[in-house]
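Everything below concerns the one structure shown next.
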2 protein chains.
Amino acid sequence: MAQKIKLSTIADSLGLSTATISLALRDSPLVASDTRDKIKEQARALGYIYNRRAASLRTSRSGIIGVVVHDVMNPFYGEILKAIESELDRSRHTFILSNHYDSVEKQRTFIETLLQLGGDGVIMSPAIGTPVEDIRLAEQNGMPAILVARTMDGVDLPTYRGDDSYGISLATNHLIGLGHRVIAMIGGTDQTSTGRDRYQGYVDALRKANIEVDPSLRIPGPRTMQGGFEAAVNFLSLPQKPTAAVCWNDLVAIGLMNGIARAGLIPGQDISVTGYDDLEQASISTPSLTTVSNQQADVGRLAARALLDRLAGSHEPDGLHLIKPEMRIRQSTSPYKPLRDLAKA
Amino acid sequence: MAQKIKLSTIADSLGLSTATISLALRDSPLVASDTRDKIKEQARALGYIYNRRAASLRTSRSGIIGVVVHDVMNPFYGEILKAIESELDRSRHTFILSNHYDSVEKQRTFIETLLQLGGDGVIMSPAIGTPVEDIRLAEQNGMPAILVARTMDGVDLPTYRGDDSYGISLATNHLIGLGHRVIAMIGGTDQTSTGRDRYQGYVDALRKANIEVDPSLRIPGPRTMQGGFEAAVNFLSLPQKPTAAVCWNDLVAIGLMNGIARAGLIPGQDISVTGYDDLEQASISTPSLTTVSNQQADVGRLAARALLDRLAGSHEPDGLHLIKPEMRIRQSTSPYKPLRDLAKA
DNA sequence: CTGAAAGCGCTTACAG
DNA sequence: CTGAAAGCGCTTACAG
């Protein structure tokens with residue numbers, strides 16, 4: 001490893017001061033253009049690497065933005081993260097990604113680390129049970145926070161997420177429109193605002209169509225493909241014999257369809273199934289999945305932009321910004337027909 | 001936002017020097033234990049936040065480790081990343097994740113950013129076409145690099161990845177052991193080392209069993225579920241009438257099984273199919289998929305540990321470390337029986 | 001248009 | 001066991 005090159009190395013080699021070098025490398029108009037060109041040329045030739053820690057110690061701006069969600073590898077966050085990434089790239093910010101796996105502890109550690117690194121801001125999908133103090137920790141130390149995908153009670157931060165209640169009502173209405181009357185809801189939990197909102201959207205849609213709401217048609221819990229697969233057994237043994245299922249998300253829906261197929265029924269024909277999220281997998285599953293697009297790219301883009309605006313000094317109004325979901329109709333839903341008797345098969 | 005708390009704030013409030021505070025907070029035995037307790041108590045009370053940039057400027061250690069792969073959201077990297085994360089968490093390192101999407105440009109920007117932040121090391125699955133200079137850039141500036149999942153020609157860095165040739169031979173031998181003799185290979189490409197290795201593993205296994213290798217039994221190309229689905233038509237019209245297929249990965253295998261089912265044959269009974277990767281979906285597909293586990297968790301764990309060892313001063317031998325894959329036998333493979341004539345059905 | 005000097009908040013020999 | 005002081009590599013008023 002060669003000798004470390006720093007501003008003073010360049011300054012000495014050119015007979016200039018570090019101040020001039022510093023200004024030139026950042027394209028300050030204070031430096032004559034030919035001096036600047038000479039300096040940049042020399043920096044390149046010496047293999048100079050800008051030391052951000054030193055700069056940020058001085059300026060108290062790090063260019064770092066933290067992003068923490070439940071699980072980066074979960075495709076649900078894929079589009080949100082990609083949209084955030086592309087917004088942040090454009091403004092030359094570095095983004096630090098982390099999972100909290102719904103551990104409040106892990107999330108707090110991340111926020112503390114980010115503060116230690118001098119993070120300029122944080123975009124988070126808060127862990128279940130996040131105490132308000134953890135959010136305040138960020139804000140009080142000058143690190144603005146923006147929420148995505150999940151709401152938090154008791155804080156008035158800018159929050160960007162899909163309109164879940166509206167989105168689920170789209171799916172439910174679609175099934176009702178096809179003639180289904182016994183419609184189960186599979187997956188999700190009351191512990192998150194999203195879970196409550198989606199269940200509420202389902203309930204509201206049924207009520208509006210004058211269909212009695214039967215709480216035992218709800219199978220809460222599943223959030224993964226595996227979970228949906230396992231839920232198929234409970235679903236198929238419901239005494240009400242549902243002919244359709246509104247699922248928490250695409251993964252649950254795909255898992256449920258696999259479970260239904262395993263039991264000898266044909267998903268999409270015998271049982272109509274809807275998903276939520278419109279993942280890439282939704283369009284190529286067999287049958288292709290009727291689902292709700294969350295418009296996740298919009299969620300991510302708007303959240304990132306809101307943070308950048310705030311860092312630039314302009315203050316977007318706080319509070320909830322709901323993005324309207326859209327229906328994607330495919331092969332996993334079909335008009336109602338009476339359920340085949342499995343015992344006969 | 002309250003007044004910024006720093007070491008000197010604590011020092012002044014307690015009538016001590018910053019040196020003592022610094023040592024106490026890091027549990028130095030040089031500080032009397034009751035002094036230390038008092039200091040820690042006060043730090044907590046004041047809401048002190050450790051400034052890592054200042055510390056790292058002084059020590060030239062940042063605690064930051066970069067991880068860059070093709071696409072964080074791609075499930076192929078999921079287990080690798082989780083294993084790296086948990087190793088790094090344990091050693092209290094911060095990890096910065098990034099996608100390069102096989103853009104050499106984006107990958108170089110990431111390495112430069114990491115150097116600017118004083119990254120201690122980097123774990124990478126190099127972008128296709130990465131020039132050796134980009135890797136040297138890291139090493140020459142004192143930032144050791146470890147490779148995962150992909151090999152790079154011309155560099156002698158520690159590299160951790162699955163033994164693809166061995167893995168595919170496991171799958172092929174499994175089918176041979178079940179009595180199959182006409183076995184097709186679906187998907188993959190000769191453009192990557194992985195593609196060449198997997199085809200070679202298939203060829204070697206056949207040769208060892210004295211089965212003649214017929215190049216027209218290879219259908220290269222498919223890497224997605226959609227691709228596997230479309231390949232079913234070609235597969236079923238092969239004049240050699242294969243009774244089994246070794247697939248490039250789980251997605252291709254699942255797609256192929258869907259295509260086989262669509263044509264009226266029963267995958268797992270009429271045609272045996274193997275996958276590769278052992279994704280979550282493999283165990284819940286219908287039929288459940290016999291596949292090869294890449295042992296991705298081992299890849300990630302060993303790579304992270306190799307980097308940490310190197311940072312701690314001990315030098316693992318460079319070069320390629322191949323992780324042995326393992327067979328997962330499920331329902332998509334069964335003993336050979338003559339192929340049903342579809343024309344009759 | 002360029003330079004001298006202070007200071008961001010730590011850690012680390014060194015001294016006592 | 002504790003303190004005084006230098007220095008990590010930048011940026012930023014300020015002076016010229």
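In the text below, chain A, chain B and the rest are named by the order of the sequence lines, each starting its count at 1.
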Can you pull out the residues from residues 32-46 of chain A that lie within a 4.0 Å heavy-atom distance of DNA chain D?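 Those residues: none at all.
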Any idea which heavy atoms bring B/Pro131 and B/Val104 closest together, and the distance?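 Reported closest heavy-atom pair: CD-CG1, 3.5 Å.
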Residue pair [X] / [Y], side-chain heavy-atom distance below 4.5 Å:
X        : Y        : answer
A/Phe95  : A/Ile123 : no
A/Val299 : A/Asn294 : no
A/Gln296 : A/Ile323 : no
B/Leu308 : B/His93  : yes

Just the rounded figure in Å: distance from [atom2] of [N] to [atom1] of [X].
X        : N     : atom1 : atom2 : value
B/Ile10  : D/dG3 : CD1   : C1'   : 17 Å
A/Asp12  : C/dG3 : CG    : P     : 11 Å
B/Ile21  : D/dA4 : CD1   : P     : 12 Å
A/Leu25  : C/dT2 : CG    : P     : 13 Å
A/Leu117 : C/dG9 : CG    : P     : 16 Å
A/Leu16  : C/dT2 : CG    : C1'   : 8 Å

A/Thr59 side-chain N/O to A/Ala55 backbone N/O, donor-acceptor pair under 3.5 Å: yes
What does the B/S/- profile of nucleotides 10-16 of chain D look like, 5' to 3', with a 4.0 Å heavy-atom cutoff to protein? BBB----
Base, sugar-phosphate, or nothing for B/Gly15, non-hydrogen atoms under 4.0 angstrom?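 Sugar-phosphate: the residue B/Gly15, judged by heavy atoms under 4.0 Å, touches backbone atoms but no base.
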All side chain to side chain contact (heavy atoms under 4.5 Å, CB included) counterparts of A/Thr159, not counting sequence neighbours: A/Leu147, A/Thr151, A/Leu320
Of the options B/Ile111, B/Ile146, B/Asp134, which is the one that meets B/Met124 in a side chain to side chain contact (heavy atoms under 4.5 Å, CB included)?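 Testing each of B/Ile111, B/Ile146, B/Asp134 against B/Met124, the sole residue satisfying side chain to side chain contact (heavy atoms under 4.5 Å, CB included) is B/Ile111.
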With a cut-off of less than 4.0 Å, is there a side-chain N or O of A/Thr20 near OP1 or OP2 of C/dG3?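 Answer is yes, contact under 4.0 Å.
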Are more than 12 heavy atoms, taken from residues, nucleotides or ligands other than A/Asp34, located less than 6.0 Å from that residue's CG atom?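 Atom CG in A/Asp34 is packed in, count exceeds 12.
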Listed pairs under 3.5 Å, donor-acceptor, residues 64-74 of chain A side chains, sequence neighbours left out:
unit_1	atom_1	unit_2	atom_2	d
A/Asp71	OD1	A/Met73	N	2.9
A/Asp71	OD2	B/Lys82	NZ	3.2
A/Asn74	OD1	A/Phe76	N	2.7

Dot-bracket encoding per residue of DNA chain D, Watson-Crick/G-U cut-off under 3.5 Å, | denoting interstrand: |||.||||||||.|||
Excluding sequence neighbours, so at least two apart, what forms ring-ring contact (aromatic ring centres under 6.0 Å, His included) with A/His321?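 For A/His321, the residues satisfying ring-ring contact (aromatic ring centres under 6.0 Å, His included) (neighbours in sequence not counted) are A/Tyr160.
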